[in-house]
Amino acid sequence: MNHEALILGVGATPFGRHLDRSAGDLAGQAAHEALRDAGLAPADVGAVFHATVSQKAIDGQHMIPGQVALRPHGLAGMPVVNVENACAGGATALWLAIAHVRAGLSDVALAVGVDKLVCADPAQGLAVFDGAMDITRREETLAALAALAGPLPPELTVDGDRSVFMEIYASLARAHMRRFGTTEAQLAAVAAKNHAHSVHNPRAHFRRAFTAQEVLAARPVAWPLTVPMCSPVSDGAAAVVVTRADFTHDGSAVAVLSSVLLSGTDRPADDTERHIGRRAALAAYEKAGVGPQDIDAAEVHDATAFGEIQQVENLGFCPIGDGGPWSASGAGALGGTVVVNPSGGLESRGHPVSATGLAQIHELVTQLRGRAGGRQVPDARIAIAENGGGLYGIEEAVAAVTILGKTA
């Protein structure tokens, strides 16, 4: 059986600092908002797919985190499947929910992603990211990426607390600069664009606009990255209700045109056509029967501004190597060719890891419904989300690409 799938409801908490709330509180809020949006009750849900890393790594809830988080909110009795896939956990939960409905196992499935990463001790939150790579080869991996990036002048080395993934993204950015001529100014243009979009997003962690000059002049993190180019450590939750296409709805449902989840492969660094994000995008386009030219809005995994430059290339919005100039031209801004990260992206909306992939879907469903207010993409009909997670070798360990289409 292969039932078509719809997204009938979405929900999300504001992303930011929620020191006074538990992961379960946040997950329950997002889940109930998604169910209300769908016009459903907890009893209508056939299965729940729950993604988190912080309940395990920080709270110590190494097992049954979904049951613990959601039963107090009335989601009990049905199967609850716990998911972990680094920063792509939420997108993986959605992939499972879509597959579950398409297989005819339930009429309704719920995907929930939640993380609380803001801690009294900031180092504790940052340490969560250390497990998103092969811990037995940590130094070897970082050394290989540094060699790929080329030498860094000593005066540009920055000390201080930061996620190891900022070092990783900085190395990947420098390698791209070295090979294709990408510039700091182009990175700053991406960050300035995303911060401008976030001003209109009430759920964003940060809602302050920056000029490109302000982005460049901000505190360095790891060259060439400055603070406004990097996603913050955030708390938050998001949820998505998936149903069969023939399930009763009021016309606000959004069609799932394709949903692809891949793991990485061993490849030469210069074989960009085999990059995991590129492979996932091509597979998603083929399954959906659309191409890059058909996309109106995109949410991509911009854990740093470089991540967006890399992913607009992988998604085919421009040739490989041209992500910097394409972004600096304004093609990805509101009013541009294809609007990228109208939510503000991870750099502004925030990055509660397991909630991120579902927050991307929340934004795109809002766009396809025409309800995004000041950040609305005019006449949006087809949208794409790209969500990556972890690092294995020279690329993400996992990538998810989902393509959505307007139904009315």
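Every residue two or more places apart in sequence or in another chain was checked for a ring-ring contact (aromatic ring centres under 6.0 Å, His included) with Tyr169, and none qualifies. Under the rule for a ring-ring contact (aromatic ring centres under 6.0 Å, His included), Phe129 has no partner lying at least two apart in sequence or in another chain.
In summary, the side chains of Glu363 and Gln367 do present a donor paired with an acceptor at a separation below 3.5 Å, with no hydrogens or angles considered. In summary, the side chains of Asp25 and Ser22 do present a donor paired with an acceptor at a separation below 3.5 Å, with no hydrogens or angles considered. Using modelled atom types, one finds no donor on one side chain facing an acceptor on the other under 3.5 Å when comparing Arg371 with Gln376. Checked by atom type, the side-chain pair Asn314/Glu386 shows no donor-acceptor distance below 3.5 Å. Between the side chains of Ser354 and Asp115, at least one donor N or O sits under 3.5 Å from an acceptor N or O. Side chains of Glu299 and Ser343: a donor on one and an acceptor on the other come within 3.5 Å. Donor-acceptor pairing under 3.5 Å is recorded for the side chains of Glu308 and Asn341.
A donor-acceptor pair is defined here as one N or O able to donate and one able to accept, closer than 3.5 Å; such a pair exists between the side chain of Thr52 and the backbone of Val114. Under a 3.5 Å cut-off, the side chain of Glu313 and the backbone N or O of Gly321 do form a donor-acceptor pair. For the pair Arg178 (side chain) and Leu148 (backbone), a donor-acceptor distance under 3.5 Å is present. Asp134 contributes a side-chain N or O that, together with a main-chain N or O of Thr136, makes up a donor-acceptor pair within less than 3.5 Å. In terms of modelled atom types and a separation under 3.5 Å, the side chain of Thr211 and the main chain of Glu214 share a donor-acceptor contact. Side-chain atoms of Lys193 come within 3.5 Å of backbone N or O of Val340 as a donor-acceptor pair.
Once rounded to the nearest 0.5 Å, the distance linking CD of Glu4 with OG1 of Thr407 reads 13.0 Å. Considering CD of Gln310 and CG of Leu172, their distance stands at 6.5 Å, rounded to 0.5 Å.
The shortest distance between side-chain heavy atoms of Asp379 and Asp296 does not fall below 4.5 Å.
Smallest separation of non-hydrogen atoms from His100 and Ala47: NE2-CB, 3.5 Å.
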* List the steps and the verdict of side-chain hydrogen bond (donor to acceptor under 3.5 Å, both in side chains) for His351 and Ser234. => CA-CA 5 Å; His351 184 31; Ser234 308; over 6 Å; no
